[in-house]
There are 2 protein chains.
Amino acid sequence: MPRAGLDPAAVVAAGAALADEVGFAALSMGQLAERVGVRTPSLYKHVVNQEDLNRRIAALALAEAADAVGAATQGRAGRDALAAAARAFRDFVLTHPGRYAATIGVEPTGPDDPIAVSGSRLLVAFTAVLRGYDLAPHDLDHALRALRSSFHGFATLQSAHGFQWSADVDDSFEWLIDLVDRGLRTTASRQTGRRPGPDRAAAAPGAGGHGARARTPLA
Amino acid sequence: MPRAGLDPAAVVAAGAALADEVGFAALSMGQLAERVGVRTPSLYKHVVNQEDLNRRIAALALAEAADAVGAATQGRAGRDALAAAARAFRDFVLTHPGRYAATIGVEPTGPDDPIAVSGSRLLVAFTAVLRGYDLAPHDLDHALRALRSSFHGFATLQSAHGFQWSADVDDSFEWLIDLVDRGLRTTASRQTGRRPGPDRAAAAPGAGGHGARARTPLA
DNA sequence: AGCTCAAAGCTACTGTTGTTAGCCATGGCC
DNA sequence: GGCCATGGCTAACAACAGTAGCTTTGAGCT
C-alpha cells in the first residue's frame with residue numbers, strides 16, 4: 001500500500017473543492033477521505049478535526065477572494081473599480097460557493113490567525129475601491145461595511161437560489177452596483193452623526209447584548 | 001405517562017426557539033425532544049424528518065419577518081418607511097438568528113408552499129417601501145433585490161459577528177440606510193441596460209467545472 | 001548497504017445523531 | 001363500556017466524527 005503523499009494543504013484544497021461540489025453543509029470527513037484516496041482516520045494526521053478543516057478552508061477562500069478582488073481593481077478607479085471588484089467577488093462566490101460558505105461565522109482566534117490575515121486582505125482590496133470616492137475619513141468603515149454587506153448579501157442569496165422570480169439576475173447585480181455607486185458619490189459632504197430620533201431606542205431592544213466592539217483590530 | 005399534548009405547530013415553535021438559542025447549525029432532534037418533554041422518535045409523529053422541521057421553521061420565520069416589516073412601514077413613506085423597514089428586519093434577524101438562518105438556502109417546492117407564500121409576503125412588505133421612490137416599473141425587481149441583498153447581508157454578517165473592528169455597528173447600519181436611500185432617490189431616470197465590457201468574460205475563470213453558468217442566460 | 005525513527009497509513013472501536021419498525025397506552029367518540 | 005386513531009415508547013440500524021494502538025513506509029544518517 002503506497003503512500004498517498006498527502007499534506008495539510010492538499011487535504012484542505014481537496015476539502016474546498018468537495019465543499020464547492022456538494023455544498024459546505026454536506027461536507028463530510030468520509031467523503032473527503034474517499035476523494036483523496038485514504039481511509040477516514042488518516043485525515044486526522046493532517047487536520048486536527050473537522051472544525052480545523054473548516055477554518056483552513058475559510059482561510060483559503062478568503063485569501064483567494066482577496067486575490068481575485070485585488071487583481072480586478074488593479075489600474076481602475078471610481079465606478080470602474082467598484083464594478084470590477086463587485087463582479088470579481090460575486091464570480092468567486094458563485095464558482096466557489098462551498099468554500100465561501102465556510103467563511104461565514106468563523107471568528108479569528110487572534111490577529112495572527114490566517115483567517116484574520118486573509119480577511120484583512122479582502123477588506124483592504126475593497127478599501128482600495130473607496131479611494132476613488134470622496135469620503136470623509138470617519139465614513140470609511142461604514143462605507144466598507146456597506147459594500148461588504150451589499151455584495152455579500154447578493155452573492156450569497158443568488159448562490160442559494162434566493163432570486164426566484166423573473167427579472168435577469170445579472171441585470172439586477174449591475175443595477176445594485178449602480179445604486180451603490182450613486183450612493184457613494186453623493187456621500188461626500190454628509191454628516192454621519194446619529195440623528196436623535198425617538199424611534200431609535202424603540203427599534204433597538206438590545207436583547208442580544210453581544211457588542212462586537214473593540215475585538216481584534218482588523219482594519 | 002401522560003401525553004405531552006404536542007402538535008406540529010408546537011414542535012416547530014419550540015424548534016425555532018431552540019435554534020435561536022443554540023444556533024441553527026446546532027439544532028438537533030434530541031435536544032428538541034428533551035425541550036418539549038418527549039423522546040426523540042416521538043417527534044416524527046409531528047414532522048416527517050429534520051429537513052421538514054427546517055422548512056417549517058423557515059416558513060414561520062418568513063411569516064414573522066413579513067409581519068414585522070409590514071407593521072413597521074404602516075403609515076410611513078419615503079426614507080422614513082425605508083429606515084423603519086430596515087430596522088425592523090435587522091431587529092428580527094438579530095433577535096431570532098436561528099430561525100432566520102433556517103430560511104437561507106430553502107427553496108419552495110411550488111407556489112403553494114408556505115415558504116413561497118410567506119416569502120412573497122416579506123417581499124411585498126419591502127415593495128411597499130419602494131412606492132415612496134420614483135422608480136421606473138422595470139426597475140422595481142432590481143430595486144427589491146438590492147434592498148433585500150443589502151439588509152440581508154448586513155443583518156446576517158452582524159449576526160455571525162462578521163463586523164469585528166471598532167466602528168459602531170448601529171451607526172454603520174444607519175449609514176447603509178442613508179446610502180440606499182440616496183441611491184434610490186437618484187435612480188428615477190436611469191437606463192438599466194447592461195453596458196458591454198470586455199472584463200465580464202475574463203473575470204469568470206470557471207475553475208470549478210460545475211459552472212453556475214447557463215442557469216440564467218449570461219449574455 | 002543497512003539502521004533508525006518520525007510520519008503516515010491502517011483496523012478496530014466508541015459515542016452521537018437521524019431515522020425506522022413495531023409495540024402499547026391514552027382518551028375522544030359512539 | 002368498548003373502538004381505534006393518535007401519540008407516546010423501546011429497540012434497533014446506518015452514517016458520522018473522532019480515538020487508540022498497531023504497522024509500514026521512506027528519508028536521512030552512519
Side-chain angles (χ1 to χ4, degrees), chain A residues 1-60 98-99 101-107 109, chain B residues 1-60 98-99 101-107 109:
Chain A
M1 47 214 73
R3 298 237 169 157
L6 287 182
D7 60 13
V11 170
V12 171
L18 183 57
D20 289 339
E21 291 176 32
V22 304
F24 177 67
L27 178 61
S28 74
M29 300 298 275
Q31 252 186 305
L32 177 55
E34 189 179 12
R35 175 70 63 99
V36 299
V38 111
R39 302 290 185 147
T40 306
S42 303
L43 292 179
Y44 293 85
K45 299 287 181 174
H46 305 290
V47 295
V48 1
N49 54 22
Q50 197 171 30
E51 192 204 329
D52 178 49
L53 173 68
N54 294 349
R55 297 179 67 85
R56 289 172 189 249
I57 291 175
L60 173 67
R99 70 189 69 187
T103 68
I104 302 174
V106 291
E107 296 186 53
T109 59
Chain B
M1 45 216 74
R3 298 237 169 157
L6 287 182
D7 60 13
V11 171
V12 170
L18 183 57
D20 289 339
E21 290 175 33
V22 304
F24 176 67
L27 177 62
S28 75
M29 300 297 276
Q31 251 185 305
L32 176 56
E34 188 178 14
R35 174 70 64 100
V36 300
V38 111
R39 302 290 185 149
T40 306
S42 303
L43 293 179
Y44 292 84
K45 299 285 183 176
H46 305 290
V47 295
V48 358
N49 54 22
Q50 197 172 31
E51 191 204 329
D52 178 49
L53 173 69
N54 295 349
R55 297 180 66 84
R56 288 172 189 250
I57 291 175
L60 173 68
R99 68 188 72 186
T103 67
I104 302 173
V106 292
E107 296 186 54
T109 59

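Computed from a predicted structure; not experimentally measured. We use all heavy atoms of the structure for the numbers below, so side chains are in, but hydrogens, waters and symmetry mates are not. Chain identifiers are assigned alphabetically (A, B, ...) following the order of the sequence lines, protein sequences preceding nucleic acid strands; residue numbering begins at 1 within each chain.
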Query raised in the report: Between C:dA7 and A:His46, is there an OP1 or OP2 to side-chain N/O distance shorter than 4.0 Å?
Result: no

Report summary line: By nearest-heavy-atom nucleotide on DNA chain C, the more 5' of A:Leu6 and B:Ser28 is A:Leu6

Requested in this report: If a pair satisfies salt bridge (charged side-chain N to carboxylate O under 4.0 Å, His left out) and one of its residues is in residues 19-37 of chain B, list it, with sequence neighbours excluded.
Outcome: B:Asp20-B:Arg99, B:Glu21-B:Arg35

Query raised in the report: Which of the following nucleotides, D:dC9, D:dA17, C:dG18, is nearest to the side chain of B:Lys45?
Result: D:dC9

**Report entry** Of residues 7-23 of chain B, the positions that come close to DNA chain C - non-hydrogen atoms, cut-off under 4.0 Å
**Finding:** none

Report summary line: Atom CG of B:Asn49 and atom P of D:dA14 are separated, to the nearest Å, by 19 Å

Report task. Work out which heavy atom in A:Ala13 is nearest to a heavy atom in A:Leu60; give both atom names and the distance. Result -> CA-CD2, 4.5 Å

Query - Sole candidate of A:Leu43, A:Val11, A:Val48 that passes side-chain contact (heavy atoms from CB on, under 4.5 Å) when paired with A:Leu53 - result: A:Val11

Report task. For A:Val106, check side-chain contact (heavy atoms from CB on, under 4.5 Å) against everything at least two apart and list the hits. Result -> A:Ala58, A:Ile115

Report summary line: Note: contacts of residues 29-43 of chain B with DNA chain D (heavy atom, under 4.0 Å) are B:Val38, B:Arg39, B:Pro41, B:Ser42

Report summary line: For A:Ala10 and A:Asp7, the nearest pair of non-hydrogen atoms, with its separation, is N-OD1, 2.9 Å

Query - Partner set under side-chain contact (heavy atoms from CB on, under 4.5 Å) for A:Val22, not counting sequence neighbours - result: A:Leu18, A:Ala26, A:Gln31

Report summary line: Taken in chain and number order and not counting sequence neighbours, the residues that satisfy side-chain hydrogen bond (donor to acceptor under 3.5 Å, both in side chains) with B:Thr40 are none

Requested in this report: Output the single nucleotide from C:dG18, D:dT19, D:dC16 whose closest atom is nearest the side chain of A:Tyr44.
Outcome: D:dT19

Report task. Heavy atoms only: give me the nearest B:Ala101-B:Phe24 pair and the separation to one decimal. Result -> CB-CB, 3.7 Å

Query raised in the report: Which pairs, with at least one residue in residues 36-51 of chain B and sequence neighbours excluded, count as a salt bridge (charged side-chain N to carboxylate O under 4.0 Å, His left out)?
Result: none

Query raised in the report: Considering residues at least two apart in sequence or located in another chain, which fulfil the side-chain contact (heavy atoms from CB on, under 4.5 Å) criterion with A:Ala25?
Result: none

Query raised in the report: Does A:Pro8 have any side-chain contact (heavy atoms from CB on, under 4.5 Å) partners at least two apart in sequence or in another chain, and if so, which?
Result: A:His46, A:Arg56

Taking only nitrogen or oxygen atoms into account, show me every contact under 3.5 Å that the protein makes with nucleotides 4-6 of chain D, one pair per line with its distance.
unit_1 : atom_1 : unit_2 : atom_2 : d
D:dT6  : O2     : B:Arg3 : NH1    : 3.0
D:dT6  : O2     : B:Arg3 : NH2    : 2.8

